[in-house]
Colleague: 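Quick one: structure below, then a few questions.
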Amino acid sequence: MTNLSLFPDLVVDCPPTEGIKYAGSKLRLLPYILQLTHKVKPTTVLDGFAGTTRVSQALAKSGYRVIANDVAVWSRVFGLCYLKNKRERNYYQELIDHLNALPGNDGWFTEHYGGSPNDGASSKTNGLKKPFQIHNTRKLDAIREEIDRMNLDEIEKAVLLTSLILALDQVDSTLGHYASYLNDWSPRSYNTFKLTVPMIFTSEQEHQVWQGNIFDLLDHVHVDLAYFDPPYGSNNEKMPPSRVRYAAYYHLWTTVCLNDRPKLFGKAMRRADSSDMLAASVFEEFRQNDAGKFIATEAIRTLIARTNARYILLSYSSGGRATAQELDNILSEAGRVIEFVQVDYKRNVMANMRWTHEWVRENERENFEYLFLLEK
Ligand SMILES: C[S@@+](CC[C@H](N)C(=O)[O-])C[C@H]1O[C@@H](n2cnc3c(N)ncnc32)[C@H](O)[C@@H]1O
């Protein structure tokens, strides 16, 4: 039988990390992820769906050599900032002061995403709800233009863009994503953002940062441990759009990174290339393939089979397309599940353990996060 154990002795000190509000961020799971990582004593760890890079940051600060990958450009920018930077914080302060001192101007971001607070509490401007107040988009326009004008290398630019995104994340009028905006201005949106130097650090290890579909990377990467935190799809048959669609949710961060003035569509003014037709991830799929199998679940099966790593640590949520039972089956095809952890997010404590493979579907309606540690 699979050896499953709980963590009565969770003692891991979790290094501080930094990141934006992000659906599925693993901030609260970091102590468990680190504890499981320490257990298998890897040298090199792949963070295959790095998102905010909080997991990569924690792994790098814990002394591991990290390969961070995500399909999203904002994640690459965070990765370059936190994993590749070799300069001290002081170096960036002057650049940040320069950007903070710029007078705002009416540019592309203001035109599309800036709303006026003059119409009372409503965030509607010209009939559309907006994610930021105009005093902040005017600053955004000035700063973003200036970042392109400055003669920066890739890492410097990533540090400044990370600073800009972190600051904007503090003054948004959203529920934490940019697929729709609040009716009334959030209290925070009245504040004026100010850039600060991100919580950068330097490590002795040479980390790597990739931006791409994980399936394009797998053949080129050999690691001791692969950590996978894919999108969860949705197990809500009637409301498939309830799944998280990263490209659609965070389109604005793509545009801040690229500053490419894309074609926009819809009430939230999303980038045309963030539509479900163009940008959906196979892991976000809610449909079945011709053989009657869920596409998202099959993608996980392929992912596990194709990964060149002695150990795989898989994160998944109870609200996701695949059930814990299915994941257990998929993992058991590829090796031996040596640890299983179930965290109850609502109570934020360790939930019960199972000593058999008989998963109870009822429990899966609650909000659990699963961690499976597989030895291949
Ligand atoms: C659950 S989030 C990861 C969160 C991350 N662990 C954190 O703590 O911030 C899933 C991530 O997978 C990325 N993603 C989706 N499909 C992908 C693919 N095919 N290859 C690589 N990354 C993908 C999304 O951009 C998203 O950032």
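In what follows, residues are counted from 1 in the order of the sequence shown. Just so it is clear, the model here is predicted, and its values are computed rather than measured.
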Colleague: Could you state the interatomic distance from CD1 (Ile304) to NZ (Lys376), rounded to the nearest 0.5 Å?
Modeller: 7.5 Å

Colleague: Show, in sequence, the C-alpha distance, side-chain angles and deciding distance for Asp47 and Asn69, and conclude whether the side-chain contact (heavy atoms from CB on, under 4.5 Å) test is met.
Modeller: CA-CA 6 Å; Asp47 182 6; Asn69 174 69; over 6 Å; no

Colleague: For a 4.5 angstrom cut-off between non-hydrogen side-chain atoms, does Val337 reach Glu375?
Modeller: no

Colleague: Any side-chain donor-acceptor pair under 3.5 Å between Tyr246 and Asp70?
Modeller: no

Colleague: For Val66 and Ala60, work out which heavy atoms get closest and say how close.
Modeller: CG2-N, 3.6 Å

Colleague: Are Asp273 and Lys263 close enough for a salt bridge, meaning some N to O gap below 4.0 Å?
Modeller: no

Colleague: To the nearest 0.5 angstrom, please state how far the CD atom of Gln170 sits from the CD1 atom of Ile165.
Modeller: 13.0 Å

Colleague: Looking at Tyr249 versus Tyr178, is the centre-to-centre ring distance below 6.0 Å?
Modeller: no

Colleague: In sequence, state the C-alpha distance, the side-chain angles, and the governing distance for Tyr316 and Thr323, and then conclude on side-chain contact (heavy atoms from CB on, under 4.5 Å).
Modeller: CA-CA 9 Å; Tyr316 214 70; Thr323 64; over 6 Å; no

Colleague: Please work out which of the three classes, parallel, tilted or perpendicular, describes the rings of Phe49 and Phe228, given edges at 30° and 60°.
Modeller: perpendicular

Colleague: Glu333 and Asn329: side-chain donor and acceptor closer than 3.5 Å?
Modeller: no

Colleague: Do Tyr64 and His38 have side-chain atoms, one donor and one acceptor, less than 3.5 Å apart?
Modeller: yes

Colleague: Under 3.5 Å, is there a donor-acceptor pair between the Thr255 and Arg271 side chains?
Modeller: yes

Colleague: Looking only at the side chains, is there a donor atom on one of Tyr232 and Glu284 sitting less than 3.5 Å from an acceptor on the other?
Modeller: no

Colleague: Check the pair Glu206 / Lys84 against salt bridge (Lys or Arg N to Asp or Glu O under 4.0 Å), numbers first and verdict last.
Modeller: CA-CA 8 Å; Glu206 269 307 319; Lys84 300 297 286 180; 3.7 Å; yes

Colleague: Hey, does the Lys NZ or Arg CZ of Lys130 hover above the aromatic six-ring of Tyr181, less than 6.0 Å from the centre and inside 45° of the axis?
Modeller: no

Colleague: What do the steps show when you test Glu369 against Tyr32 for side chain to side chain donor-acceptor pair (under 3.5 Å), and what is the final call?
Modeller: CA-CA 11 Å; Glu369 287 283 330; Tyr32 306 102; over 6 Å; no

Colleague: Got a second to check how far Gln133's CD is from Thr110's OG1, nearest 0.5 Å?
Modeller: 12.5 Å

Colleague: Run the side chain to side chain donor-acceptor pair (under 3.5 Å) test on Tyr92 and Glu156 for me, step by step, so that the C-alpha distance in whole Å, both residues' side-chain angles and the decisive distance to 0.1 Å come before the verdict.
Modeller: CA-CA 8 Å; Tyr92 292 102; Glu156 289 170 308; 5.9 Å; no

Colleague: Hey, what's the ring geometry for Trp74 with Tyr250, parallel, tilted or perpendicular (30° and 60° as the breaks)?
Modeller: perpendicular

Colleague: To the nearest 0.5 Å, what is the distance between CG on Leu218 and OG1 on Thr307?
Modeller: 4.5 Å

Colleague: Carefully, step by step, assess Leu217 and Leu46 under the rule side-chain contact (heavy atoms from CB on, under 4.5 Å).
Modeller: CA-CA 10 Å; Leu217 186 71; Leu46 167 66; 4.0 Å; yes

Colleague: Closer than 4.0 angstrom, basic N to acidic O: yes or no for Glu146 and Arg149?
Modeller: yes

Colleague: Which label fits Phe201 and Tyr82: parallel for a plane angle under 30°, tilted from 30 to 60°, or perpendicular past 60°?
Modeller: parallel

Colleague: Is a salt bridge present between Lys157 and Asp153, judged by a nitrogen-to-oxygen distance below 4.0 Å?
Modeller: no

Colleague: Please test Ser318 against Tyr370 for side-chain contact (heavy atoms from CB on, under 4.5 Å), starting from the C-alpha separation and ending with a verdict.
Modeller: CA-CA 7 Å; Ser318 56; Tyr370 305 129; 3.5 Å; yes

Colleague: Tell me if the CD atom of Glu111 is crowded by more than 12 foreign heavy atoms within 6.0 Å.
Modeller: yes

Colleague: With side chain to side chain contact (heavy atoms under 4.5 Å, CB included) as the test, pick out the partner of Phe193 among Asp169, Asn136, Leu166.
Modeller: Asn136

Colleague: What's the separation between atom OG1 in Thr196 and atom CE in Met199, rounded to the nearest 0.5 Å?
Modeller: 10.5 Å

Colleague: Can you label the angle between the Phe283 ring and the Phe215 ring as parallel, tilted or perpendicular, going by 30° and 60°?
Modeller: parallel

Colleague: Under a 4.0 Å threshold between the charged nitrogen and the carboxylate oxygen, would Lys41 count as salt-bridged to Asp224?
Modeller: no

Colleague: Considering non-hydrogen atoms only, spot the tightest contact between Ala299 and Val282 and give its length.
Modeller: CB-CG1, 3.9 Å

Colleague: Atom CG of Asp229 and atom CG of Leu314: how far apart are they, to the nearest 0.5 Å?
Modeller: 8.5 Å

Colleague: Does any part of the side chain of Ser180, heavy atoms only, come nearer than 4.5 Å to the side chain of Lys267, both counted from C-beta?
Modeller: no

Colleague: Should Glu285 and Arg321 count as an ion pair when the cut-off is N to O under 4.0 Å?
Modeller: no

Colleague: Quick one: closest heavy-atom pair of Ser203 and Lys86, and the distance?
Modeller: O-NZ, 3.7 Å

Colleague: Minimum heavy-atom separation for Ser75 and Thr53, please, with both atom names.
Modeller: O-CG2, 3.7 Å

